[in-house]
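I have placed the structure first, in the form of structure tokens, so that the comments after it can refer back to it.
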Protein chains: 2
Amino acid sequence: MSHNIKEIIKNLSVDCVIFGFERGCMEVLLIRRAINPQKGMWALPGGFIKKEEQVLDAAQRVLKVTTGVDDRYLEEVGIFDRIDRYPLWRVFTIAHFALISPKHYALVPGIDTSEVRWFKLSDLPELVFDHQEIIDRALVRLRSRIRTRPIGFELLSKKFTLPQLQRLYEEILGHEIDKRNFRKKVLKLNLLKKLKEVHKTKKGRSAALFMFDTVNYNKLKEDGFIFELS
Amino acid sequence: MSHNIKEIIKNLSVDCVIFGFERGCMEVLLIRRAINPQKGMWALPGGFIKKEEQVLDAAQRVLKVTTGVDDRYLEEVGIFDRIDRYPLWRVFTIAHFALISPKHYALVPGIDTSEVRWFKLSDLPELVFDHQEIIDRALVRLRSRIRTRPIGFELLSKKFTLPQLQRLYEEILGHEIDKRNFRKKVLKLNLLKKLKEVHKTKKGRSAALFMFDTVNYNKLKEDGFIFELS
DNA sequence: GCAAAAGTGTTAACGTTACACCCATGA
DNA sequence: TCATGGGTGTAACGTTAACACTTTTGC
């Protein structure tokens with residue numbers, strides 16, 4: 001056993017599906033590999049777990065290196081374990097998904113990475129290993145979570161409008177929602193504080209800006225809720 | 001890299017929280033360790049993953065060795081990764097939960113095991129490592145799953161009565177349910193076929209026996225449903 | 001003033017909850 | 001015949017679903 005805290009565990013990695021939301025579309029943050037195997041191809045940000053590190057800390061480290069942020073919503077999705085998923089030796093990876101608000105963070109290619117950028121979920125490039133499968137499962141998880149936890153908000157700026165929030169839910173859930181029913185339901189959660197500011201859109205009427213009521217927000221995050229709308 | 005298919009991966013194990021239901025109580029299957037560390041103490045059935053094995057296969061192997069059955073409901077709960085959770089070296093374990101019907105299976109102590117037996121969930125012995133924590137999280141998962149998948153049935157015999165099913169739900173959810181509302185809701189799922197047989201109880205009126213309608217059962221397992229009753 | 005997007009209430013259908021008595025069986 | 005547990009229906013309530021017009025704003 002080494003006591004070098006930096007030493008990595010060669011058969012255990014983490015990968016992060018980092019979701020963002022811009023201009024009405026879900027996006028995923030991908031990196032371009034600068035090393036072999038599969039040098040030059042697009043992949044999920046990830047890395048090996050260190051000898052003295054916990055899994056979630058490793059995922060947080062990857063998130064920090066890729067986006068410069070920590071302390072965002074991050075959740076374990078599950079283990080991916082196909083025997084030949086990594087070509088050089090056997091690697092189990094623990095997939096996570098994270099929600100961040102794209103505008104706010106400067107992307108910096110990490111070590112072993114030549115490029116970082118957002119891709120629309122509907123327009124992903126070919127990915128290395130089993131990373132497409134990981135994204136698919138993360139998305140299933142996200143869709144399920146958004147119906148019982150108020151995590152959708154993590155994808156928006158601190159101040160946001162109800163039409164933005166609605167488009168986010170429509171995009172993730174994959175179907176349209178009635179505007180009046182949506183507003184009724186969201187406002188009844190006692191989660192939002194209406195601000196005096198408005199958000200000017202290019203065309204049409206300006207939309208009122210909202211923020212969370214942090215107290216109720218954290219309570220709801222713990223307790224969960226049911227969000228179902230046809 | 002060895003090509004010995006039996007060789008184990010020393011830092012990755014699986015543990016199974018095997019739930020059962022007898023006489024109105026949830027039970028968990030535990031084994032007594034016949035080897036060190038913690039020889040003689042009670043633990044979850046588990047084992048190291050083999051070099052050429054997938055995680056779920058390892059969990060299924062553990063289930064088979066412990067209970068003699070395969071092909072029961074088995075689901076990944078998550079990874080447990082505290083750095084010192086295993087005293088000899090670093091071991092990550094992937095926790096699973098399984099649902100089986102206790103009566104049906106002969107328990108055979110596996111290798112490295114001196115004893116296997118069911119414990120009431122409300123009366124567990126002291127457990128090794130972080131196994132109590134694993135059970136707690138598996139239970140949270142089970143409670144959540146039972147509200148969206150018809151997995152409760154996996155804990156009962158092929159033929160069962162509605163009062164049995166209701167007590168199962170009450171036990172898992174932790175609160176009482178109105179008998180009439182429960183029956184209405186369950187029967188409306190179109191999941192059960194009423195048999196002509198009855199189950200004789202020691203006292204009182206006999207209860208009608210039911211089985212699944214397999215077709216609707218599998219459909220509901222895939223689609224999910226919402227089961228909420230106060 | 002017109003195009004574009006924001007904002008606003010009511011009703012009908014449905015699902016959930018609460019609630020009390022009769023029935024079959026074994027001792 | 002009585003004690004025990006199984007089996008049944010209805011009304012009030014709350015939630016969800018469907019639906020169309022007015023308001024604000026920039027050009």
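Naming: A, B, ... by sequence-line order, numbering from 1 per chain.
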Can you find a donor-acceptor N/O pair under 3.5 angstrom joining the side chain of Arg180(A) to the base of dA20(D)?
yes
Looking at dA17(D), dC19(C), dG7(C), which one has an atom nearest to any side-chain atom of Asn181(A)?
dA17(D)
Options dA18(D), dG7(D), dA18(C), nucleotide nearest the side-chain atoms of Lys179(B)
dG7(D)
In this structure, which one of Arg149(A), Arg145(A), Arg72(A) forms a salt bridge (Lys or Arg N to Asp or Glu O under 4.0 Å) with Glu154(A)?
Arg72(A)
Check this for me: does the side-chain of Arg205(B) come within 3.5 Å of the base of dA3(D) through a donor and an acceptor?
no
5'-most by nearest nucleotide on DNA chain D - Ser206(A) or Lys188(A):
Lys188(A)
Side chains of Ile134(A) and Val17(A), heavy atoms from C-beta outward: is any pair under 4.5 Å?
yes
Rounded to whole angstrom units, what separation is found between the CG atom of Leu165(B) and the P atom of dG7(D)?
12 Å
In whole angstroms, the gap separating P of dG26(C) from NZ of Lys200(B) amounts to 5 Å
State which of dG7(D), dC19(C), dA6(C) makes the closest approach to the side chain of Arg167(A).
dA6(C)
Polar contact flag, side-chain donor to acceptor under 3.5 angstrom, Asp70(B)-Gln60(B)
no
By the 4.0 Å heavy-atom rule, please label Lys184(B) as base, sugar-phosphate, or nothing.
base
Between dG6(D), dG7(C), dG9(C), spot the one nearest the side chain of Pro163(B), thanks.
dG6(D)
Atom-pair distance (CZ on Phe182(A); P on dT15(D)), nearest Å:
18 Å
Rounded to the nearest Å, what distance is computed from the CD atom of residue Glu170(B) to the C1' atom of nucleotide dG5(D)?
14 Å
As an exercise, state the distance from CZ of Arg167(B) to CD1 of Ile177(B), rounded to the nearest 0.5 Å.
12.0 Å
Measure from CD on Glu176(A) to C1' on dA17(D) and round the result to the nearest Å.
15 Å
Per nearest nucleotide of DNA chain C, the residue lying toward the 5' end, Lys203(B) or Ala207(A), is Ala207(A)
For dG15(C), does the base pair up with any side-chain atom of Lys185(B) as donor and acceptor (N or O, under 3.5 Å, distance only)?
no
Output yes when a side-chain donor or acceptor of His131(B) lies under 3.5 Å from a complementary backbone atom of Ala43(B), and no otherwise.
no
How many Å lie between CZ on Arg183(A) and C1' on dA6(C), as a whole number?
7 Å
Interatomic distance, His175(A) NE2 vs dA18(D) P [rounded to whole Å]
11 Å
Atom pair distance, as rounded to whole Å: NE2 in His199(B) and C1' in dT25(C):
13 Å
